[in-house]
Amino acid sequence: MRIGYACLAIAVPGSEMKSCTLKNADRERLLALIEHNLDALGRLIDYNIKNEIKLFRISSDLIPFGSAIGADIAWDHIFAEKFFEIGKKIKDSGMRISMHPGQYTVLNSPKAIVVSAAEKDLEYHAKVLDAIGVDTEHKIVLHLGGAYGDKEDAKKRFICHCRSLKPYLTARLVLENDDRSFNISDVLEAAEKLKLPVIYDNLHNAVNRSDDVTSDSRWIKECKSTWREKDGPQKIHYSQQNTGKKSGAHSETIKTEEFLDYYRDIPAKDTDIMLEVKDKNMSALKCINCVSKRGIKELEQEWGRYKYLVMEHSQAGYQSVRNMLKDKNSYPAVAMYMSIEKSMDKKTEKGDAVNAARHVWGYFKSRASENEKIRFEKTLKKFISGDSQIKSVKNNLLNLSKKYGEDYLLQGYYLYK
DNA sequence: TGACGTCAAGATCCG
DNA sequence: CGGATCTTGACGTCA
């Protein structure tokens, strides 16, 4: 059982992908961006390994315009060494990676130009995984595409176009149910004909159901048989509805209780779960810590990342978690995360936000220059008077953290939320 | 033709 | 000038 997150991580310094606009994309700039992004990916992989996160989706933005003009650059050869290093870390740690072309890669379009762009895009994604040097357990996740007013016809077209793909591409493909057109039954039907594995997405199914009776666990069981030896263990997508946003929108964080209810019903315990959630690695770590017994040390480390964020929302919540972690022989993961969630649900009082900001300022008080002191006080005053958001205060503290190399703060969640 | 989703670049505004 | 905040970009489908 591996649990992971998609594309980018919060509070992992130097892991940000860079890009540019198409009109500025010349060879020289692209090479510089690719080099930067590979280094960023390396740091992300290091972070995953350190935190025992063994499932990870690599961002399609790794190579800017990878399937268009980026295809003219032999980046896999130019940066072979970097790819090799990344691949070695992934393989040595038992990490499983994947990629997921977005909603704009449409293999079943009636337009030939869209289909050929989709093929190029799949080739790009496969080229990344090949360059990293991982086997066919490391998948490219694809949706079937649009319905165009005739779903059956559109399904046939997908199957037909898919059959014409080169074998090295289909070897990596895995199909996923979507939230508009192709529900899980549609996908299973197409996958059966194509002999491709299927990823079950619970929220897509909630929004675009195939029937009203079958439960998540039944669908997971149903999909399991589509995964064969060379495909590796079954993989599923899990997300929760963002209350308040339109149906199908991913939640800010994974709620512990709801996740554990779902998790308990998963039939096979070697299933890999990719979380789709706004807070990314934060939820991945949360779920991992809740289902696998790591150490109290790991929980304390997590608390170190959350504490100023919690302090900002609730003084009582802050004390409550501190008390939980006093017993060094305990492992109160679920209770801790549930308490954190409860605090985060509370609306922030201005006084608490100022208090947390002052605590963080304490890291710099004695080191900061006179100008920095004046600037911080000014920024804080502006927030107190209602003329700016707390985000500007945090940005100020983030810049100080970078300048003074305050890693503890840079790796905590407070400055980024 | 705009909304959809996503994230960073790019543009603009402010002191 | 640096920083904060808004707008654009890049993709295809669908109402």
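Remember, it's a predicted structure, so these values are computed and weren't measured experimentally. Below, chain A is the first sequence line, B the second, and so on; all start at residue 1.
For A/Leu398 and C/dG2, the CG to P distance is 17 Å, given to the nearest whole Å. The distance from atom OH of A/Tyr5 to atom P of B/dC7 is 13 Å, rounded to the nearest whole Å. Distance CZ (A/Arg375) to P (C/dG3): 6 Å, rounded to an integer number of Å. Protein atom CG of A/Asp179 is 19 Å distant from nucleotide atom P of B/dA3, rounded to whole Å. The nearest whole Å value for the distance from the CD atom in A/Glu16 to the P atom in B/dA8 is 8 Å. Taking atom CG of residue A/Asn399 and atom C1' of nucleotide C/dG2, one finds them 10 Å apart after rounding to whole Å. A/Asp279 places its CG atom 13 Å from the P atom of B/dT6, with the value rounded to the nearest Å. One can place CD1 of A/Ile58 at 18 Å from C1' of B/dT6, the figure rounded to the nearest angstrom.
Using a cutoff of 4.0 Å between basic side-chain nitrogens and carboxylate oxygens, A/Asp153 and A/Arg157 are scored as salt-bridged. One finds a salt bridge joining A/Lys224 and A/Asp270 here, because a Lys/Arg side-chain nitrogen approaches an Asp/Glu carboxylate oxygen to under 4.0 Å. Under 4.0 Å is where a charged nitrogen must lie from a carboxylate oxygen, and between A/Lys235 and A/Glu137 no such pair does. In this structure, A/Glu152 pairs ionically with A/Lys155, as a charged nitrogen and a carboxylate oxygen lie closer than 4.0 Å. In this structure, A/Glu302 pairs ionically with A/Arg305, as a charged nitrogen and a carboxylate oxygen lie closer than 4.0 Å.
In this structure, A/Lys82 is not positioned above the aromatic face of A/Trp75 in the sense of NZ or CZ being under 6.0 Å from the six-membered ring centre and within 45° of the axis. Under the 6.0 Å distance and 45° angle rule, A/Lys350 counts as a cation-pi partner of A/Phe383. For A/Lys394 and A/Tyr414, the positive end sits near the middle of the six-membered ring, less than 6.0 Å away and at most 45° from its axis. A cation-pi geometry, defined here as NZ or CZ lying under 6.0 Å from the six-membered ring centre and within 45° of its normal, does not hold between A/Lys286 and A/Phe259.
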Every protein N/O lying under 3.5 Å from an N/O of nucleotides 13-15 of chain B:
none

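Counting non-hydrogen atoms under 4.0 angstrom, A/Asn395 reaches the backbone sugars and phosphates but no base. Note on A/Lys278: only backbone sugar-phosphate atoms sit closer than 4.0 angstrom, heavy atoms only; bases stay farther off. Nucleic acid contact class of A/Lys151 (heavy atoms, under 4.0 Å, all strands): none. In this structure, A/Asn24 reaches the sugar-phosphate backbone alone: every heavy-atom distance under 4.0 Å involves primed, P, OP1 or OP2 atoms, never a base. At the heavy-atom level, A/Lys391 lies nowhere under 4.0 Å from the strands shown.
Ring-plane geometry between A/Phe56 and A/Tyr5 is classed as tilted, the angle between the planes lying from 30 to 60 degrees on a 0 to 90 degree scale. Relative ring orientation between A/Phe364 and A/Tyr404 is described as tilted, the plane-to-plane angle lying within the 30° to 60° band.
Listed by residue number, the members of residues 403-417 of chain A with any heavy atom below 4.0 angstrom from DNA chain C form an empty set.
Legend: residues meeting salt bridge (charged side-chain N to carboxylate O under 4.0 Å, His left out) with A/Lys54, ordered by chain and number and at least two apart, are absent. Taking A/Lys381 as the reference, nothing meets the salt bridge (charged side-chain N to carboxylate O under 4.0 Å, His left out) condition, with sequence neighbours excluded.
Within the 3.5 Å criterion, the main-chain N or O of A/Asp231 finds no donor-acceptor partner in the side chain of A/Lys139.
Between the two ends of the helix from B/dT1-C/dA15 to B/dG15-C/dC1, each summarised by a five-pair axis, the helix axis turns through 70° (rounded to 10 degrees).
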For nucleotides 9-15 of chain C, 5' to 3', base contacts (B), sugar-phosphate-only contacts (S) and non-contacts (-) with protein non-hydrogen atoms under 4.0 Å give -SBBSS-
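Map A/Arg29 and A/Asp61 each onto its nearest nucleotide of DNA chain B; the residue landing nearer the 5' end is A/Asp61.
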